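Note on naming: letters A, B, ... go to the chains in the order of the sequence lines (proteins, then strands), and numbering restarts at 1 for each one. In this text the structure is predicted, and so the values were computed from the model without any measurement.
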Amino acid sequence: MLVKRANKIATFDDWVDLFRVWQSDIGLDYPELKQYQFEAKYGPLHSNEIEFGAYRGQNRWQRIRQVPDQRAQDALLNLIVYQGDTEFASVEQQRNLFAGAPTEYDRKALARVMTEEMRHGYQMCHLLLGHFGHAGRIEAQKLLERRAFNSERLLGSFNESVENWLDFYTYTQFIDRDGKFQLQMLSHSGFAPLAQSMVPMLKEESFHLGTGNDGLRRIVRRGRIPLAYIQKYFNKWIPTAFDLFGTDFSSSAHWAYLWGLKGRYDEHTNAQSADLDMLNDSARNLYYQEVNGLIQSLNRLIPAEQPKLYTPDVKFNRHIGQFAAQRFSVTGEPLEEAEYARHLAAVLPQPADRTAVNALLAADKEWIEPKGAEAKWSQV
Amino acid sequence: MATVTAPETATQKLVQYRADGGIAILTMADPPANTYTYEMMRDLDEAILRARFDDGIHVVVLTGAGEKFFSAGANIRMLATVPPQFKYYFCLHANETLQRLEQTPKLVIAALNGHTVGGGLEIALACDLRIARRDAGKIGLPEVTLGVLPGTGGTQRLARAIGKARALELMVTGRTFSFDEAQELGLVQDIFDRQDFLPQVLDYARQFCPPNKASRAVGRIKRAVQTGAEVPLAEALGLERELQQLLFTSEDAHEGLTAYAEKRQAKFKGK
């Protein structure tokens, strides 16, 4: 373990020292990442009042001790820890991609995505150390102790590996898009420092998922990577993104809403009262619709005679919720055990697929369309 | 779906029992949160007695089924549906069961595989040692948030484990906290990696079984500490002397002392 528990942190500066050690430990010795000036950023609040839940209409809480229910304080800590864990995990997942960047533009985009994800983790630790006392210090330290590549991160998607640049674009398109949903829901939080943190984070996150969407469009337009491979990577990430919304009928989501900690994705535009038992499901449905729209948009770039990309069924390969550990095909049909094993092998990226994609990316330097006039093909 | 009250004909045990090389593994199994009912407490009681009477069992490991919960405590749905008199007897029986666990002269290790809150922590507090699975959940006594107190020994055992003021603060706020913080408080003795958690706990437990250790001595040390801490010092020292005398007459003490004198590794038999 990198950071021994004996080296306990007392201040945010101590934590920043450990953060630098973590960067080196996972191999982030690239100048773009080293030179980035990390800072905590807080944006303006939509309103000074809590907008939903049992404390609706009261002033947003500026300090944790103002949160009147201990369970809400505990849940708030948890929400911040989970968000922070995903930020550092994603950097660990992407840490080996620099060497294979197809263009200088893409290399810079990767550097920006990674630095901003680190900043988001930095921001969450700023909250933990600034507001949560001893428990916050322990959790902030632990965010730097877990490793995605040792399967220690708190959520399943963030223990998967990102293997190549097709994988990266798919990840940023679908997993970072899930991140946008989570950040948006937290932006409605009654705990003002958390809500304020989300404003700059959402702006930065939009670049990340834009990178994914743009990268996939450039790949599809170029037409060098077989669509079957692209679909397999969609099948790998989209079900894990569905899982990230949490269990169906979640009591944690119910309480988080009731306590005013985490709102609905469409809190400001949805005039209906929230169905507290279906909060995760309803966010997942909105995500599904958005993803489906983006995939249809990609399909419009594919010549008419070719097969099209599709969104895996919400029941496929799920590990959380009512469909967890059940055997459904990528199009949603129930399958017998043996058939299911064959199906998984056919629709998810296998070692042979990874080898083939990696070989394709290495052999054909023009597997992706250049990014505008300023793009320069390079061997980096 | 968790059991609220089990039908009379139920045959599925809510506490599963298995023995593995001198260790009895007791698993609370009522998904999703392994909450306990009167039926589960009866099963736990039976499992404790079974381990107590079995001469081949030297250590007891208590854990929860699944990866998410050790136990979330008493089943709140059950508490909401039964009359006050039933609740009283339910609490009394739970207390008696946990005292039986505490007084059994065999080491009891709680393997905290997931969230350990409310009555779940009260059960764990009646165990001698607590080993947690890394990042597997939260621990605490949040009963105050329901308008009640930790009524299965929590107010007494937590204060004895970590001191009055810290215990009181945790119980009146109802704060739940990480296993790491619990370790700093001395509430959890160690944290093991997530992968293969229970096998690691069993490896740890085997050191207290023969031939590695004289398990009767382990059990009497437990007895001296658990009972001795609750009586005046003079009586506690008397208890310690009597337990020592019992051990002096044991085969393992003879083996231990002889092996030391002969400079060889002792081979204990648990006798």
Q) Can you tell me if CZ on A:R56 sees more than 12 non-hydrogen neighbours from other groups inside 6.0 Å? A) no
**Q.** Heavy atoms from other residues, nucleotides or ligands near NZ of B:K87 exceed 12 (cutoff 6.0 Å)
**A.** yes
Q: Please lay out, stage by stage, how B:V144 and A:Q70 fare under the test side chain to side chain contact (heavy atoms under 4.5 Å, CB included).
A: CA-CA 10 Å; B:V144 71; A:Q70 180 65 48; over 6 Å; no
Q: Decide if atom CD of B:Q207 counts as having more than 12 heavy atoms of other residues, nucleotides or ligands within a radius under 6.0 Å.
A: yes
(Q) Which residues pass the salt bridge (charged side-chain N to carboxylate O under 4.0 Å, His left out) test with B:R160, not counting sequence neighbours? (A) B:E230
Q) To the nearest 0.5 Å, what is the distance between CG (A:N150) and CD (B:Q195)? A) 10.5 Å
**Q.** Non-neighbouring partners of B:D203 that pass salt bridge (charged side-chain N to carboxylate O under 4.0 Å, His left out), sequence neighbours left out
**A.** B:R206
(Q) Quick check for you: to the nearest 0.5 Å, what is the distance between B:E181 atom CD and A:K142 atom NZ? (A) 11.5 Å
Q. Going by residue number, which parts of residues 165-176 of chain B are within reach of chain A, meaning a heavy-atom gap below 4.5 Å?
A. B:T173, B:G174, B:R175, B:T176
**Q.** Carboxylate-amine/guanidinium contact B:K138 A:D74, below 4.0 Å
**A.** no
(Q) Among residues at least two apart in sequence or on other chains, which ones pass salt bridge (charged side-chain N to carboxylate O under 4.0 Å, His left out) with A:R146? (A) A:D85, B:D135
Q | Interatomic spacing from NE2 in A:H134 to CG in B:D180 - rounded to 0.5 Å | A | 9.5 Å
Q) Do other residues, nucleotides or ligands put more than 12 heavy atoms under 6.0 Å from B:E67 CD? A) no
Q. If you count the non-hydrogen atoms of other residues, nucleotides and ligands that lie under 6.0 Å from CD1 in B:I76, is the total more than 12?
A. no
